[in-house]
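The structure appears right after this line, and notes come after that.
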Amino acid sequence: MDEMKLDYIMEIARQKSISKAAKNLFIAQPSLSRYVINLEKRLGVKLFDRSHAPLELTEAGHLMVQYIQQSEALKENFFHELEEHKESACTEIKIGVVPWRIPVFLPKIVPEFMGKHNNVTVIIKEGVSQDLEALVIEDQIDACVVNGPQNNQLLEYRVLNYEKIVLVVPRNSEVAKNNYDFVNDIYRPVDLRSLKNEAFILLVEKYRLGLLSRKIFKSRGIMPSHITYVSNINTALSMSAVGLGLTFMPESGIERPFDGCKSPLYFSIGEPEFGFPLIIAFKKGKKLNQHLMEFIDFVCSNYNEYRQS
């Protein structure tokens, strides 16, 4: 039977009136009455008891409605299972990662995950946190690994770890000479307020580390007079290493190899401490395919181990 015509029967049963049903269905009442009469002739049974006002379903009418409801449920289950099948067949997941985390993901996490899931390809896209979050919301990538905190109501997230911010000081600077014992490898506390006349290299404000740097200065009541702004944390570190200024970075950078004698020194910024969580974010309310859920679980379980290896 025509699926549209089954909707006719359901609407008449709901409204208990052919005229009201015709109005809701945007068809002429005589046409709907004729359809019901013809259908009843075809089936050889009455579907509606017209001796009552409002209309009542006959026993055959009740059976008809049950059939239609069961048919709708089967159709809904079919499309649900079909969608699950399509998702399980998906062999590609797209993950956004902020550049600072690429050395952990590309050589370590992604190859290990793909080695355990031979039919899955992980595509990595680099970008700043805000841009990657927008791509997740627009369904252009499946998830993103970014610096928190996460305040976007359209995203859900899981925390991978929390990193403190450290002060990066050129090894050959006066700040290093005054606060580090090169013979005994002893770091003395650095009062950031004493550094207001020092040159700093900071990320621009669209980066969360750039915003956090400004909050650090505000908490100490200073703003250095000589600041160079860059858009890449590795650029800031390279400039600091050759003596062009001080900078800030997440503490995970301490573990990264540097060029021998050019390696900078890393100091605690003191109290209050500043830092941010590293999170993996995905679209709120979106049904995640099985491979993506497995990737998220894998990253959450293994990130800290790979970061330290």
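What you are looking at is a predicted structure, and each value in this text was computed from that prediction instead of being measured.
The two residues Lys177 and Asn172 have their closest heavy-atom pair at CE-O, 4.1 Å. Closest non-hydrogen pair, Pro170 versus Gly243, comes out as CB-CA, 3.7 Å. Scanning both residues, Val65 and Ala13, for their nearest heavy atoms gives CG2-CB, 4.1 Å. Considering all non-hydrogen atoms of both residues, Cys144 and Leu132 come closest at CB-CB, 3.9 Å. Contact detail for Arg50 and Ile37: the closest heavy-atom pair is NH2-CG1, 4.4 Å.
Residues Ile95 and Leu135 do not share a hydrophobic cluster, defined by chaining ILVMFWY side chains whose heavy atoms lie under 4.5 Å apart. Hydrophobic clustering places Phe200 together with Val242 (ILVMFWY residues linked when any side-chain heavy atoms are closer than 4.5 Å, directly or through intermediates). When the side chains of ILVMFWY residues are joined at heavy-atom separations under 4.5 Å, either directly or via intervening members, Ile137 and Ile280 end up in two distinct hydrophobic clusters. Using a 4.5 Å cut-off between side-chain heavy atoms of Ile, Leu, Val, Met, Phe, Trp and Tyr, with links allowed through other members, Ile279 and Leu154 fall into the same hydrophobic cluster. Phe282 and Ile141 are members of different hydrophobic clusters when ILVMFWY side chains are connected at heavy-atom separations under 4.5 Å.
Contact check for Val145 versus Val98: no side-chain heavy atoms found under the 4.5 Å cut-off. For the pair Phe182 and Leu265, the minimum side-chain heavy-atom distance is below 4.5 Å. Side-chain atoms of Leu278 and Arg101, non-hydrogen and from C-beta on, do get closer than 4.5 Å to each other. Side-chain contact between Lys284 and Lys286 is absent, with no heavy atoms from C-beta onward closer than 4.5 Å. Residues Leu212 and Phe276 form a side-chain contact, since some pair of their non-hydrogen atoms from C-beta on lies under 4.5 Å apart. Between Ile165 and Met249, every side-chain heavy-atom pair lies at or beyond the 4.5 Å cut-off. In this structure the side chain of Phe274 never reaches within 4.5 angstrom of the side chain of Ser213, judged on heavy atoms. The shortest side-chain heavy-atom distance between His226 and Ile201 does not fall under the 4.5 Å cut-off.
Side-chain atoms of Asp49 come within 3.5 Å of backbone atoms of Ser51 as a donor-acceptor pair (strictly under, hydrogens ignored). Checking side-chain atoms of Asp131 against main-chain N and O of Gly127 turns up no donor-acceptor pair under 3.5 Å. Side-chain atoms of Ser240 come within 3.5 Å of backbone atoms of Gly245 as a donor-acceptor pair (strictly under, hydrogens ignored). When atom types are taken as modelled, the side chain of Ser301 and the backbone of Asp297 share a donor-acceptor pair closer than 3.5 angstrom. In this structure, the side chain of Glu163 engages the main chain of Ser252 through a donor-acceptor pair within 3.5 Å. Under a 3.5 Å cut-off, the side chain of Thr58 and the backbone N or O of Leu47 do form a donor-acceptor pair.
For the atom pair CD1 of Ile123 and CD1 of Ile93, the computed distance is 9.5 Å after rounding to the nearest 0.5 Å. The CG atom of Leu211 lies 12.0 Å from the NZ atom of Lys206; values are rounded to the nearest 0.5 Å. The distance from atom CG of Leu292 to atom CG of Asp142, rounded to the nearest 0.5 Å, is 5.0 Å. Once rounded to the nearest 0.5 Å, the distance linking CD of Glu40 with CE of Met64 reads 9.5 Å. Taken from CZ in Arg214 to OG in Ser219, the straight-line distance is 14.0 Å, to the nearest 0.5 Å. Note that the CG atom of Leu202 and the OG atom of Ser231 stand 13.0 Å from one another [nearest 0.5 Å].
Here Phe113 and His117 bring their ring centres to under 6.0 angstrom of each other.
The number of heavy-atom neighbours closer than 6.0 Å to CZ of Arg193, taken from other residues, nucleotides and ligands shown, is 12 or below. Under a cut-off of 6.0 angstrom, the local environment of CD in Glu138 is crowded, with over 12 non-hydrogen atoms contributed by other residues, nucleotides or ligands. For Phe217, the CZ atom is densely surrounded, since the number of other residues' heavy atoms within 6.0 Å is greater than 12. With a 6.0 Å radius and a threshold of 12 heavy atoms from other residues, nucleotides or ligands, Glu59 has its CD atom at or below the threshold. No more than 12 heavy atoms of other residues, nucleotides or ligands lie within 6.0 Å of NZ in Lys20, so this atom counts as exposed by the packing criterion.
Contact check on Lys164 versus Glu273 returns a salt bridge, with a Lys/Arg side-chain nitrogen under 4.0 Å from an Asp/Glu carboxylate oxygen. Salt-bridge formation is not detected for the pair Lys108/Glu112: no Lys NZ or Arg NE/NH1/NH2 atom is positioned less than 4.0 Å from an Asp or Glu carboxylate oxygen.
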Inset, instruction - Dump the intermediate steps for ring pair (Phe, Tyr, Trp, His ring centres under 6.0 Å) on Tyr266 and Phe248, then the final yes or no. - result: CA-CA 9 Å; Tyr266 309 105; Phe248 297 106; over 10 Å; no
Inset, instruction - Apply the test salt bridge (Lys or Arg N to Asp or Glu O under 4.0 Å) to residues Lys196 and Asp191: give CA-CA distance (whole Å), side-chain angles for both, the deciding distance (0.1 Å), then the verdict. - result: CA-CA 10 Å; Lys196 63 181 180 180; Asp191 184 352; over 6 Å; no
Legend entry - Evaluation steps, side chain to side chain donor-acceptor pair (under 3.5 Å), between Ser19 and Gln29: CA-CA 5 Å; Ser19 60; Gln29 187 268 335; over 6 Å; no
Inset, instruction - Dump the intermediate steps for salt bridge (Lys or Arg N to Asp or Glu O under 4.0 Å) on Glu156 and Lys283, then the final yes or no. - result: CA-CA 6 Å; Glu156 296 183 49; Lys283 192 172 182 178; over 6 Å; no
Inset, instruction - Please step through side chain to side chain donor-acceptor pair (under 3.5 Å) for the pair Gln290 and Glu294, ending with a clear verdict. - result: CA-CA 6 Å; Gln290 185 63 33; Glu294 290 172 353; 3.3 Å; yes
Legend entry - Worked check of side-chain contact (heavy atoms from CB on, under 4.5 Å) between Asn147 and Trp100: CA-CA 10 Å; Asn147 298 322; Trp100 180 252; 5.7 Å; no
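Tyr35 and Tyr8 have perpendicular rings, their planes meeting at more than 60° on a 0 to 90° scale where under 30° would count as parallel. By the 30° and 60° cut-offs, the orientation of the rings of Tyr180 relative to Phe267 is perpendicular.
Side-chain contact check for Asn152 and Glu133: no donor-acceptor pair (N or O, by modelled atom type) lies under 3.5 Å.
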